[in-house]
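Here's the structure we're looking at; comments come further down.
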Amino acid sequence: MSVDPTIPAPVPTDFIRDIVATDIAASRYPKIVTRFPPEPNGYLHIGHAKSICLNFGIARENLGQCNLRMDDTNPAKEDIEYVDAIIADVKWLVAGWADHCLGFKPKGATATLGAVNGQPDYYLAPVPPSISSEPFFASDYFDQLYDYAITLIRKGQAYVCDLSPEDTEKYRGAPDHPGKDSPFRTRTVADNLNLFERMKAGEFPNGARSLRAKIDMASPNIWLRDPLLYRIRHTAHHHTGAKWCIYPLYDYAHCLSDYLEGITHSICTLEFVDHRPFYDWILESLGLPRALPHQYEFAKLNLGYTLVSKRKLLQLVNEKVVNSWDDPRMPTLSGLRRRGIPASAIRQFVTGIGVTKFDSLTEIAVFENAVRQELNATAQRRLGVLKPIKLVLSNLADDETVECTATNNPQDENPTVRSVMLTREIFIESEDFAEVPPPKYFRLKPGGEVRLKYACIIKLDEIVKDASGTITELRCTADLTTRSGQPNSDKKVKGTIHWVSASRCIDAEVRLYDRLFNVAEPAAQDDFLKVVNPNSLEVVTAKLEPSLANAKADDRFQFERLGYFALDKDSPEAGTGARLIFNRTITLRDTWAK
RNA sequence: UGCCUGAUGGUGUAAUGGUAGCACAGGUGACUUUGACUCACCUAGUCAUGGUUCGAAUCCAUGUCGGGCAGCCA
């Protein structure tokens, strides 16, 4: 599976990249700058990965940059815990791919006042991530945002409104009939300036007043019916502390944050299409001197058998359906990472599904294929038995060992090998034996022969049972002449099974995961908790070949014929002798479906 | 019955007035010391009706169906 380096990797195309290409051709911007702007109110998930890869992908394809920005304008819902998790997840997802495009800012920095074309202008340049830098924060722009609000008031394009939240809603009208003007819409600039300053000073309680854009209460677009710019919230903010009691709303803060950072293409999901005219209205009303950013919208990811609603994911954690946000069954980036899924597989998946405005549902098989493809190429092959049954090779002496050569990864151009020892007593997978075999069963059955992978062909002689009729061991004869390099190595049998030496193996806890939901669209259910798969986790004590005792956190293994496995983040250190914990990332494709 | 937005095999996507292609899924076979991988072949599509054109998935009109929007959330 080697890649010819002379053939350039295909560059994805989509309607947004087409727009970027057009803008570059027209020299509209000196440099392409995108941003990934999560609100720190939850953990990032597979849906965010699509946005991250789109934004960072466009940046890296155009020698541009992508800023990580916390969209933290609502202190009531946000927390520093999420900030740290988001940083870690983004860095992990882009590592080795687009780290060079990742834009941070100097710690504590905010946009500074300069001049462009003789006009005052705020701007904040990016720096690479380091110990002295941090992500961008919308809350770091609160001073500038306040300044811009003053400007809008002076221009007569914003006013302080005393309507209660309930009355504001009533005045807004409905999609099919116009709203009506707020009685405070005609306040003088002086009154507005005075009141807005007093809002900032904390003179009024929550909800008593708001700052609103003066646009058109009869607009067919509801987001243009004098949308709010600022609300009063006497709440401390995780990043700005107690400094502010008025907080800008998303629509007002977002476009200006984009501008302050020199964003050229502001990419978001479809639900913001209706907001775009407002995004443009703010920017255009302010008469800003630099090129303005533009907003483009794409359809968010919907994945089969997966839920990405933050509220519902939180419910899964709170109701102990899963153990944590990074439970390997969760679609969070931290959960996927813990499960052993490589970042490159996630990138491959989300770029492969494309970017459109079509509200689609992607089959989980596409994701699984991306994971298997990546792991097949990179994972080290090992022998491990999940549900062991004892097998005795009666023609081998008690202390006899037969050294076998095993290939580490047959996909490598020059595969390396290791030794595994065959002994008289071994374990095989209980599923690889059937006393009464189904049709076309290639594995071990009464009187049948199979090959022990990397070793030799064995023949089943006797099934030993205890008094209750339970099988305790299988007694076989090993034909050592069928080993690799021996005269009868060419002998063919239909089945090859994996095994480990009973005396030379280690015990490990292995966590076997299955999909969390039993239906393709859990989000469409009245109660998604009712479609939770009760068997999404099975824990077994497995017998693994001894080399696995040295497994490292970043290692990826294929336990042959079973699937791909990785150490859990809570596993004891290798070498301590304590029992290791492996997670099954995904099974191998199985076309012999039962 | 307002505004916005969309519709291509089972699924996701490409083709931007000129051969409807790719991936996943499904099927059949080959290969195989992983029932994996790989390889070959097969199945299957332009929402509908008109129009423009030598030629339409693409442009126009009408219709149908889907999604979004009325937080002082993002």
Side-chain angles (χ1 to χ4, degrees), chain A residues 1 10 13-15 18 37-39 41 71-74 76-78 161 163-166 168-169 172-179 206-212 219-225 227-233 247 249-251 253-254 268-277 297 299 304 310 352-370 372-373 376-377 381 383 406-407 410-411 440-443 450-457 482-484 489-498 558-563 587-593:
Chain A
M1 285 265 295
T13 59
D14 54 65
F15 76 100
D18 289 347
E39 182 186 18
N41 70 342
D71 209 352
D72 56 349
T73 57
N74 184 0
K77 296 171 71 175
E78 299 153 8
C161 180
L163 248 27
S164 68
E166 299 72 34
T168 305
E169 191 184 333
R172 186 152 36 225
D176 53 357
H177 70 266
N206 290 351
R209 292 180 214 266
S210 62
L211 186 73
R212 300 178 68 178
S219 171
N221 181 344
I222 281 167
W223 292 99
L224 258 21
R225 320 246 262 226
L228 271 76
L229 268 22
Y230 272 90
R231 79 286 224 183
I232 299 172
R233 280 284 173 281
Y247 291 96
L249 278 106
Y250 165 86
D251 290 285
H254 203 90
C268 61
T269 46
L270 247 25
E271 62 265 34
F272 293 104
V273 169
D274 291 336
H275 301 226
R276 194 195 322 135
E297 311 86 8
K310 277 179 187 172
I353 57 174
V355 178
T356 65
K357 295 191 178 198
F358 179 64
D359 195 16
S360 59
L361 176 65
T362 299
E363 289 179 352
I364 191 71
V366 182
F367 177 63
E368 293 174 340
N369 177 260
R372 291 194 180 106
Q373 204 172 305
N376 177 50
R381 312 291 128 120
L383 295 178
T407 305
Q411 304 292 324
K440 284 194 167 176
Y441 189 77
F442 297 166
R443 287 109 98 143
V450 292
R451 177 176 285 280
L452 294 178
K453 179 81 176 170
Y454 301 125
C456 59
I457 292 172
T482 58
R483 296 167 57 211
S484 176
S489 65
D490 287 346
K491 181 172 173 184
K492 303 292 181 203
V493 286
K494 203 68 178 141
T496 300
I497 64 174
H498 57 277
Q558 181 196 102
F559 293 175
E560 298 214 36
R561 303 209 307 130
L562 294 172
T587 60
L588 250 33
R589 196 158 164 265
D590 183 8
T591 48
W592 191 57

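Any value given below was found using the heavy atoms of this structure, including those in side chains, with hydrogens, waters and symmetry copies removed. Naming convention: chains lettered A, B, ... in sequence-line order (proteins, then strands); numbering from 1 in each chain.
OP1 or OP2 of B:U13 has at least one side-chain nitrogen or oxygen of A:T356 nearer than 4.0 Å. A close approach under 4.0 Å does occur between a side-chain nitrogen or oxygen of A:R231 and OP1 or OP2 of B:A74. Note on A:R225: every side-chain N or O is 4.0 Å or more away from OP1 and OP2 of B:G2. Considering only side-chain N and O atoms, A:K492 lies under 4.0 angstrom from the phosphate OP1 or OP2 of B:U33.
The glycosidic torsion of B:G66 lies more than 90° away from 0, placing the base in the anti range.
For the C1' atom pair drawn from B:A56 and B:C4, the interatomic distance equals 27 Å after rounding to whole Å. For the C1' atoms, the distance linking B:A14 with B:A30 amounts to 31 Å, nearest Å. Rounded to the nearest Å, the gap between the P atom of B:U11 and that of B:U46 is 12 Å. Across B:C41 and B:G67, the matching C1' atoms stand 39 Å from one another, rounded to whole Å. Comparing the C1' positions of B:C59 and B:G29 gives a spacing of 46 Å, expressed to the nearest Å. Separation of the C1' atoms belonging to B:U16 and B:A57 is 11 Å when rounded to the nearest angstrom. The separation of B:G63 from B:A74, taken at their C1' atoms, amounts to 37 Å, rounded to a whole angstrom. Taking the P atoms as reference points, B:C24 lies 23 Å from B:C31, given to the whole Å.
Summarising the geometry, the separation between CG on A:D14 and P on B:A14 is reported as 7 Å, rounded to the nearest angstrom. B:G71 atom P lies 8 Å from atom CD1 of A:I222, rounded to whole Å. Distance A:L163 CG to B:G71 C1': 15 Å, rounded to the nearest Å. A straight line from CG of A:N376 to C1' of B:U32 spans 14 Å, rounded to a whole angstrom. Residue A:L270 contributes atom CG, which lies 10 Å from atom C1' of B:C4 at whole-angstrom precision. The CH2 atom of A:W223 sits 10 Å away from the P atom of B:C73 (whole-angstrom rounding). Between the P atom of B:G68 and the CD atom of A:E271 lies a distance of 10 Å, rounded to the nearest Å. Atom CZ in A:R233 sits about 14 Å away from atom C1' in B:A74, given to the nearest Å.
Across all strands shown, B:C65 is found opposite B:G6 as a Watson-Crick or G-U wobble partner, with both distances under 3.5 Å. Nucleotide B:A40 forms a Watson-Crick or G-U wobble pair with B:U28, both donor-acceptor distances falling under 3.5 Å. Partner assigned to B:A56 is none, using Watson-Crick or G-U wobble distances below 3.5 angstrom. The pairing partner recorded for B:C72 is none, the criterion being a Watson-Crick or G-U wobble arrangement whose two distances lie under 3.5 angstrom. The partner of B:G21 is B:U13, judged by Watson-Crick or G-U wobble contacts that both fall below 3.5 Å. In this structure, B:U33 forms no base pair with any nucleotide, since neither Watson-Crick nor G-U wobble geometry is met with both distances under 3.5 Å.
The listed nucleotides are B:C3, B:U8, B:C37; the one nearest the side chain of A:P220 is B:C3. Relative to the side chain of A:D359, the nucleotides B:G67, B:A36, B:G2 differ in distance, and B:G67 lies closest. Here the nucleotide nearest the side chain of A:D176, chosen from B:U1, B:U33, B:C37, is B:U1.
When heavy atoms are screened at a 4.0 angstrom cut-off, A:D274 is found touching base atoms of the nucleic acid. Nucleic acid contact for A:R172: sugar-phosphate only, since backbone atoms but no base atoms lie under 4.0 Å from a heavy atom of the residue. Residue contacts shown for A:H275 include a base, since a base heavy atom lies under 4.0 Å away. Across all strands, A:E560 comes closer than 4.0 Å to base atoms (heavy-atom distances). Nucleic acid contact for A:G207: base, since at least one base atom lies under 4.0 Å from a heavy atom of the residue. Among the atoms of the strands shown, none is found under 4.0 Å from any heavy atom of A:D251. Among the heavy atoms of the strands lying under 4.0 Å from A:T73 are primed sugar atoms or P, OP1, OP2 only; no base atom is included. As judged by a 4.0 angstrom heavy-atom cut-off over every strand, A:A174 is placed among the base-contacting residues. Across all strands shown, A:L588 has heavy atoms under 4.0 Å from base atoms, whether or not it also approaches the sugar-phosphate. Residue-level contact check: A:L249 touches the backbone only, with heavy atoms under 4.0 Å from sugar-phosphate atoms and none from bases. Within the 4.0 angstrom heavy-atom criterion, base atoms lie near A:A455. Using a 4.0 Å heavy-atom distance criterion, A:F272 is classed as a base contact. No engagement by A:R212 is indicated, since no non-hydrogen atom pair under 4.0 Å with the nucleic acid exists. Residue contacts for A:T168: at a heavy-atom cut-off of 4.0 Å it reaches a base atom on one of the strands shown.
To the nearest 0.5 angstrom, A:T73 atom OG1 is 10.0 Å from A:H254 atom NE2. If you take OG on A:S164 and CZ on A:R209, they are separated by 13.0 Å, rounding to the nearest 0.5 Å.
For B:G35, the base has a donor-acceptor partner in the side chain of A:R443 [N/O atoms by modelled type, under 3.5 angstrom]. Between the side chain of A:D590 and the base of B:G35, no donor-acceptor pair under 3.5 Å is found. Evaluation of atom-type donor-acceptor distances gives a pair under 3.5 Å for the side chain of A:E363 against the base of B:G10. In terms of polar N and O atoms assigned as donor or acceptor, the side chain of A:R561 never comes within less than 3.5 Å of the base of B:U34 in a complementary pairing. Evaluation of atom-type donor-acceptor distances gives no pair under 3.5 Å for the side chain of A:E297 against the base of B:U5.
Aromatic stacking is marked for A:W592 over B:G35, as both cut-offs hold: 5.5 Å for the centres and 30° for the planes. You can call A:F442 stacked on the base of B:G35; the centres are under 5.5 Å apart and the planes sit within 30°.
A:R372 contributes no side-chain N or O that, together with a main-chain N or O of A:N376, makes up a donor-acceptor pair within less than 3.5 Å.
Ring orientation note: the planes of A:F272 and A:H275 are nearly perpendicular, at an angle over 60° on the 30°/60° scale.
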